[in-house]
Amino acid sequence: MFASCSHPALLQVSLPPKPPQLQLYSHSPPLLSFKTLSCINSSFQAPSQYPPSTTNTTTTTTSYNHLIQSLCKQGNLKQALHLLPQEPKPTQRTYEALILACTHRNARPYGPIVHHHLIDNGFDQDPFLSTKLIDMYSQFSSLDDARDVFDKTHVKTIFVWNALLKALALADEAEEALFLFQEMGRAGVPPDSFTYSHALKACIASSSHPSLAFDRVRQIHGHIFRHGFESTIYVATTLVDCYAKLGYVLYSQRVFDRMLERNVVSWSAMIACYAKNERPLDALELFREMMLRDHDAIPNAVTMVSVLQACAGLAALGQGRLIHAYVLRRGLDSIIPVVNALIAMYAKCGSLGTAYRVFDGMNGRRDVVSWNSMISGYGIYGFGVKAIRVFEAMIRSGTSPSPITFVSVLGACSHAGLVKEGKRLFESMVREHGITPRSEHYACMVDLLGRAGRLHEAARIIEGMRIEPGPTVWGSLLGACRIHGHIELAERACVRLFELEPMNAGNYVLLADIYAEAKMWEEVSRVKKLLESRGLQKVPGCSWIEVKKKMYSFVSVDEMNPQMEQLHALLARLVKEMKDKGYVPDTKVVLYDLDQEEKERILLGHSEKLAVAFGLINSGGGEVIRITKNLRLCEDCHSVTKFISKFAKREILVRDVNRFHHFKDGVCSCLDYW
DNA sequence: CTAGGGTTAG
């Protein structure tokens with residue numbers, strides 16, 4: 001029925017210049033009556049605030065207005081505007097429909113027309129319409145117009161204030177928004193839960209300096225607490241989200257725990273908080289708790305996206321599959337972000353084939369993110385050429401690439417050592433796709449060149465940057481220095497890194513690594529002291545493996561693991577066998593100045609080797625052993641795993657922080673380039 | 001009559 005509604009004869013009448021359309025309508029018998037049209041329009045509401053005086057015209061006014069509203073709902077703005085009659089007058093509802101249609105369809109050119117029309121008809125002081133207008137201009141990102149509407153509305157209801165506050169917060173105008181918030185206080189308008197939500201969002205907008213953002217959130221939080229809004233579900237949820245986005249998991253937790261009442265959104269916000277802040281296990285546990293304890297909170301698409309993200313973080317393929325089944329059962333697979341999250345989950349859980357099948361199944365319903373997910377999927381497996389093919393298919397399909405597309409495809413080139421292709425893509429990003437390179441893109445290029453050993457070329461890229469190089473750029477350079485043992489450039493990178501992110505322990509460790517490899521032990525201990533003096537410590541290596549839907553994790557020194565002795569024995573046996581075949585332990589990765597034997601012992605305790613041994617013992621012969629590690633794979637573990645894959649005739653798939661290593665028959669898919 | 005949670009990269 002709705003489909004036929006775009007074809008009724010009366011709507012097909014083409015519009016001559018300034019025609020008496022109204023006449024046309026009343027003279028040609030309509031296929032669909034006004035009444036029918038109104039009924040189709042689900043949110044039909046009765047007019048009106050300004051009823052015409054005579055009963056005779058009432059029908060006409062109402063009918064015209066209904067028709068305009070219906071047209072708006074269908075997005076036929078042009079025709080709706082043509083219908084705006086001089087007499088009888090449009091009502092508040094009519095304008096509301098028109099403004100909403102402009103906002104919703106992002107119809108920039110029509111907005112001001114409606115606005116002027118409404119002013120001409122004396123609605124310029126209507127606070128309700130002002131609210132909608134502010135929303136509309138905010139959608140068009142014309143903040144000046146939004147502010148203008150605000151200024152000219154004399155009777156400022158709280159809605160009007162909140163609308164402008166929201167507009168400023170959405171536009172990342174933190175200072176302006178917070179100023180408005182204070183202004184509200186001065187004007188004696190008591191904030192409501194909307195006000196607080198928007199003000200909190202505005203604080204996040206100032207996250208160019210995260211500690212400033214945090215201070216602001218805390219200040220508003222205090223305000224909220226004092227005015228008794230902390231347990232208001234919307235406000236509390238926003239607080240949880242704000243602290244989560246700034247990385248303060250404990251603060252989110254505290255607000256969440258104190259909530260008197262929760263709904264799906266609050267649960268989802270907390271789950272997302274864990275998923276985003278590297279606490280995937282907590283995310284899954286909270287999801288379980290929600291399912292068990294709160295039967296009124298039915299997980300929706302948004303919830304599932306975070307849950308899938310958590311599965312991806314853990315590389316929990318078994319869990320991920322269960323969640324996928326649930327998604328299908330609930331019909332949530334019609335929601336594109338959910339499907340995108342599925343693609344990413346399968347790719348990160350070591351099931352690239354399934355990721356591709358899901359992607360393939362989207363056929364025609366893909367958005368940029370779907371493409372990006374698939375590209376980065378191929379990238380982390382080292383399939384650079386395939387990633388480029390997908391990128392090209394994306395362009396052919398008419399989807400315009402986003403900045404993230406290039407981070408993904410350049411990353412893929414980098415993992416695969418495709419220097420020439422990477423350079424070409426970087427060029428095309430700027431020239432053909434008009435994307436200004438950001439720090440991340442330079443970081444990709446530095447990584448691409450640096451990994452390939454072209455360190456000076458990489459350094460020149462940094463020198464040629466027209467924006468301030470972010471920590472990722474220097475980090476890439478440092479990483480390359482680690483691979484190729486370049487002390488001077490590493491020191492240069494660290495000067496900047498220690499200043500830009502003094503609390504990132506990884507940088508200190510990398511530098512110490514580089515010194516250790518050059519046997520510069522004094523420098524090693526100097527860096528270690530610096531690390532400790534800042535209250536930091538080396539992130540311990542950790543590896544985990546999923547066996548029969550349960551997770552087993554390993555760290556190098558672990559007296560709690562009942563199988564430890566067995567694991568060590570197995571490894572010792574394997575290593576002995578490997579030494580006979582020419583394996584030489586790569587002790588340069590040990591950061592201490594110890595004797596050879598001691599170093600070898602430390603090497604054997606690396607968590608990844610333990611996980612491999614555990615996998616060998618506890619999984620069936622035909623299965624692929626899938627292991628995940630929180631750091632980069634060390635050279636020694638890499639060569640040992642190659643040996644094991646051959647001796648034990650087992651495929652081993654290891655995901656480290658950056659990418660996958662697929663070991664088979666003594667060879668790794670990265671071809672020792674990583 | 002407005003509002004709170006989400007997808008891709010590093």
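Note that these values count all heavy atoms, side chains included, but never hydrogens, waters or copies made by symmetry. All chains are named by letter (A, B, ...) in the order of the sequence lines, taking the proteins before the strands, and each is independently numbered beginning at 1.
Atom P of nucleotide B:dG10 and atom CG of A:L497 are separated by 18 Å, given to the nearest angstrom. Rounded to an integer number of Å, the gap from A:F229 CZ to B:dA3 P is 17 Å. One atom, CD1 of A:I224, and another, C1' of B:dG4, lie 12 Å apart when rounded to the nearest Å.
Residue A:T303 is in base contact, counting any heavy-atom pair closer than 4.0 Å across all strands shown. A:N162 comes within 4.0 angstrom of a base, heavy atoms only. Within 4.0 Å of A:A301, counting heavy atoms only, lies at least one base atom of the nucleic acid. Within the nucleic acid shown, A:N263 comes within 4.0 Å of at least one base atom, counting heavy atoms only. As judged by a 4.0 angstrom heavy-atom cut-off over every strand, A:D135 is placed among residues making no nucleic acid contact. Using a 4.0 Å heavy-atom criterion, one finds that A:S408 contacts the sugar-phosphate atoms exclusively. In this structure, A:I233 reaches the bases: a heavy-atom distance under 4.0 Å links it to at least one base atom across the strands shown. Contacts of A:I335 with the nucleic acid, taken as non-hydrogen atoms under 4.0 Å apart, include base atoms.
Residue A:E289 qualifies as enclosed at atom CD: its count of foreign heavy atoms under 6.0 Å is above 12.
B:dG5 has no stacking from A:W267 on its base ring, since the centres under 5.5 angstrom apart and planes within 30 degrees of parallel are not both found.
Side-chain N/O atoms of A:N300 and base N/O atoms of B:dG6 include no donor-acceptor pair closer than 3.5 Å.
A donor atom on one side chain and an acceptor atom on the other are found under 3.5 Å apart for A:T303 and A:S268.
Ring centroids of A:F287 and A:W267 are separated by 6.0 Å or more, keeping the two rings apart.
Taking 4.0 angstrom as the limit, A:K348 places a side-chain polar atom (N or O) nearer than this to OP1 or OP2 of B:dA9. Not one side-chain nitrogen or oxygen of A:K201 sits closer than 4.0 Å to the OP1 or OP2 atom of B:dG4. For the OP1/OP2 pair of B:dT8 and a distance below 4.0 Å, the side-chain nitrogens and oxygens of A:S376 include no atom meeting the criterion. For the OP1/OP2 pair of B:dG4 and a distance below 4.0 Å, the side-chain nitrogens and oxygens of A:K166 include no atom meeting the criterion.
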### Query
Reading DNA chain B 5' to 3', how would its secondary structure be written in dot-bracket notation, given Watson-Crick and G-U pairs with both distances under 3.5 Å, brackets [ ] for crossing pairs and | for partners on other strands?
..........

